[in-house]
Peer 1: 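Below you'll find the structure I mean.
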Amino acid sequence: MRTSCKLQLEFADEEMARNIAKAIELDNAGYVNAEVRGNMLTLTAESDDVLSLRNTMDDVLACITAAQRSIDSTG
């Protein structure tokens, strides 16, 4: 059975959403689709294994947290 997950994350502005999307792009290519509309970053992923999907989303959220901290510390 195919399982999917969709997360919508709101950032302060579109620039931050785009920077975060760019920061996670290489790590998640083929696993997570990222789309930016305004200040919203939408992440979608699918898997045949729900545990694998959970691990993928845990990983992408950890990468987003690291990217956001890095951006915040340089700003």
Side-chain angles (χ1 to χ4, degrees):
M1 177 173 74
R2 200 99 174 126
T3 304
S4 64
C5 181
K6 179 178 181 178
L7 296 176
Q8 291 185 304
L9 306 172
E10 183 177 5
F11 292 93
D13 55 36
E14 184 174 354
E15 181 181 14
M16 177 63 88
R18 289 198 181 283
N19 286 339
I20 296 295
K22 186 183 283 188
I24 65 169
E25 186 175 49
L26 290 176
D27 285 338
N28 295 300
Y31 298 101
V32 178
N33 181 47
E35 181 181 347
V36 176
R37 287 192 181 169
N39 68 332
M40 298 294 290
L41 173 59
T42 302
L43 305 167
T44 55
E46 291 186 348
S47 179
D48 291 329
D49 178 4
V50 71
L51 294 177
S52 177
L53 180 61
R54 185 194 69 180
N55 290 340
T56 297
M57 297 313 281
D58 281 347
D59 182 57
V60 76
L61 289 171
C63 290
I64 287 171
T65 299
Q68 190 167 15
R69 286 182 181 158
S70 177
I71 291 168
D72 288 345
S73 71
T74 60

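The shown structure was predicted, so the numbers you read here are calculated from the model rather than taken from an experiment. Index from 1, following the sequence.
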Peer 1: State, with a plain yes or no, whether a side-chain heavy atom of Phe11 is found less than 4.5 Å away from one of Val36.
Peer 2: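 When only atoms from C-beta onward are counted, Val36 and Phe11 do not touch, as no gap falls below 4.5 Å.
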Peer 1: Starting at NZ of Lys6, measure out to CE of Met57 and round the result to the nearest 0.5 Å.
Peer 2: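 Taking NZ in Lys6 and CE in Met57, the distance rounds to 11.5 Å.
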Peer 1: Atom OG in Ser47, atom CE in Met1: separation rounded to 0.5 Å?
Peer 2: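 Answer for the OG-CE pair, Ser47 versus Met1, is 11.0 Å.
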Peer 1: Main chain of Ser52, side chain of Thr56: is a donor-acceptor contact present, judged purely on distance under 3.5 Å?
Peer 2: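 It does hold such a pair.
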Peer 1: Do Leu61 and Leu7 make a side-chain contact, defined as non-hydrogen atoms from C-beta onward lying under 4.5 Å apart?
Peer 2: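 Yes, side chains in contact.
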Peer 1: To the nearest 0.5 Å, what is the distance between CG on Leu41 and CZ on Arg18?
Peer 2: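 One gets 10.0 Å once the value is rounded to the nearest 0.5 Å.
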Peer 1: I need the Asn19 CG to Glu14 CD distance, nearest 0.5 Å.
Peer 2: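 The CG atom of Asn19 sits 10.5 Å away from the CD atom of Glu14.
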Peer 1: For Glu15, I'd like to know if atom CD has over 12 heavy atoms of other residues, nucleotides or ligands within 6.0 Å.
Peer 2: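 Result for CD/Glu15: open.
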Peer 1: Of the non-hydrogen atoms in Ala17 and Gly38, which two are nearest, and what is the gap between them?
Peer 2: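 So the two residues come closest at CB-O, 4.1 Å.
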Peer 1: Should Ile64 and Leu43 count as side-chain neighbours, where that means a heavy-atom distance under 4.5 Å?
Peer 2: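 Ile64 reaches Leu43 side chain to side chain.
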Peer 1: To the closest 0.5 Å, what do you measure between CG (Asp59) and CZ (Arg54)?
Peer 2: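 Separation between the atoms: 12.5 Å.
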Peer 1: Do Asp72 and Met16 have side-chain heavy atoms sitting under 4.5 Å apart?
Peer 2: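 The answer is yes, as the side chains (C-beta and beyond) meet within the 4.5 Å cut-off.
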Peer 1: Is the count of non-hydrogen atoms from other residues, nucleotides or ligands lying under 6.0 Å from Arg37 atom CZ greater than 12?
Peer 2: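 Not more than 12 within 6.0 Å, no.
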Peer 1: Say you draw a straight line from CD of Glu46 to OG1 of Thr3; how long is it, rounded to the nearest 0.5 Å?
Peer 2: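 Going from the CD atom of Glu46 to the OG1 atom of Thr3 covers 9.0 Å.
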Peer 1: To check you understand the geometry: which heavy-atom pair defines the closest contact between Ser4 and Leu53, and what is its length?
Peer 2: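 For Ser4 versus Leu53, the nearest heavy atoms are C-CD2, 3.8 Å.
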